[in-house]
Structure formats: C-alpha cells, structure tokens
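Report on the structure given below.
Both backbone and side-chain heavy atoms feed into the values below; hydrogens, waters and symmetry mates do not.
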Amino acid sequence: LSTPSTRVVEVLRRATQLDPRWNKAWHRLSLTLFDNISAAAQTSPPHQLSPLVVHAVNGFFQSISLGSERHNLQDTLRLLTLWFKYGGE
C-alpha cells in the first residue's frame, strides 16, 4: 500500500529525472524526504533511515547548486542537520 508521502516522493523523483536542472523539484524532493526522515526517526533505528538520508543529502546538494538564494540557506541548514545527525551511520 502506497502512502500519500511515498507517492509524492515518487512523483518528485520523476520530476528530477525529467528535468535534472529544475531546482524546485530537487528542493521539494529533499524537503519531503527530510520530513519523512524526521517522522520515521521517532520509531526507526538510524541504520534503517540511511537510504532516505543519502537521497535527501544528494537532493539538497543538487538544490543548493542549482537553486536560488531564497532556498539555499534553508537547504544548507537541513543538509547540515542530516549530516551531523546521521553522518556517522
């Protein structure tokens, strides 16, 4: 069974494949993954979150490199949050 959040991630991943230079798709994908990680962290051990964290970190790097200044600070702070929290996993 697919959750609404899973479907959103699938659609956003597809958007990044169709237009790899669209920073808004990368930003929304990373933000959605970040929110999913934050919610799952309540009940899941960190090693189970690693695939999501890797995708979110890669997405934030893409968003920052392609993005506008409007989202860069927000994306950078979330990237650092993931890096410091899960970087040792």
Side-chain angles (χ1 to χ4, degrees):
L1 186 63
S2 178
T3 66
S5 181
T6 302
R7 181 71 180 132
V8 169
V9 169
E10 290 170 7
V11 169
L12 290 168
R13 278 192 180 144
R14 183 70 180 135
T16 63
Q17 292 168 350
L18 291 171
D19 188 355
R21 305 220 21 99
W22 189 23
N23 69 305
K24 289 182 182 181
W26 286 107
H27 171 74
R28 288 303 312 164
L29 173 61
S30 302
L31 195 56
T32 302
L33 289 169
F34 183 87
D35 291 342
N36 290 353
I37 292 164
S38 298
Q42 306 295 324
T43 58
S44 300
H47 70 276
Q48 287 184 340
L49 301 175
S50 293
L52 289 177
V53 172
V54 169
H55 288 298
V57 167
N58 288 335
F60 280 128
F61 274 121
Q62 287 293 331
S63 178
I64 292 164
S65 69
L66 298 170
S68 65
E69 291 180 22
R70 180 175 157 208
H71 294 294
N72 279 351
L73 178 60
Q74 180 185 41
D75 288 347
T76 301
L77 292 174
R78 287 193 169 113
L79 169 67
L80 290 172
T81 298
L82 291 175
W83 198 323
F84 287 125
K85 191 167 185 178
Y86 300 102
E89 294 299 319

**ILVMFWY clustering at 4.5 Å (side-chain atoms), partners of W22** =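 Answer for W22: none, a lone residue.
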Would you check if [X] and [Y] make a side-chain contact, meaning some heavy-atom pair closer than 4.5 Å?
| X | Y | result |
| --- | --- | --- |
| L29 | K24 | no |
| F61 | S65 | no |
| W26 | N58 | no |
| T76 | L80 | yes |
| L31 | R78 | yes |

Can you hop from W83 to F60 via hydrophobic side chains spaced under 4.5 Å?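 Both belong to a single hydrophobic cluster.
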Run the ring pair (Phe, Tyr, Trp, His ring centres under 6.0 Å) test against H55 and tell me which residues pass, sequence neighbours left out.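 Checked H55 against ring pair (Phe, Tyr, Trp, His ring centres under 6.0 Å); zero matches.
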Note: E10-R13 ion pair, threshold 4.0 Å (strictly below):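 No, no charged N to carboxylate O under 4.0 Å.
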What do the steps show when you test F34 against S30 for side-chain contact (heavy atoms from CB on, under 4.5 Å), and what is the final call?
-> CA-CA 6 Å; F34 183 87; S30 302; over 6 Å; no
(message) Quick check for you: to the nearest 0.5 Å, what is the distance between L82 atom CG and L52 atom CG?
(response)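 The CG atom of L82 sits 10.0 Å away from the CG atom of L52.
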Quick check for you: to the nearest 0.5 Å, what is the distance between L12 atom CG and L33 atom CG?
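If we round to the nearest 0.5 Å, L12:CG and L33:CG are 8.5 Å apart.
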| field | S63 (side chain) donor-acceptor with G59 (main chain) under 3.5 angstrom | value |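 Side chain of S63 to backbone of G59, a donor-acceptor pair under 3.5 Å: no, none is there.
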Looking at [X] and [Y], what are the two nearest heavy atoms and their distance?
| X | Y | answer |
| --- | --- | --- |
| L66 | P20 | CD1-O, 3.3 Å |
| L79 | I64 | CD2-CD1, 4.0 Å |
| S44 | Q48 | CB-OE1, 3.8 Å |
| A41 | Y86 | CB-OH, 3.5 Å |
| S5 | T32 | OG-CG2, 4.2 Å |

Is the closest side-chain donor-acceptor distance between D75 and H27 under 3.5 Å?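 Result is yes, a qualifying pair exists.
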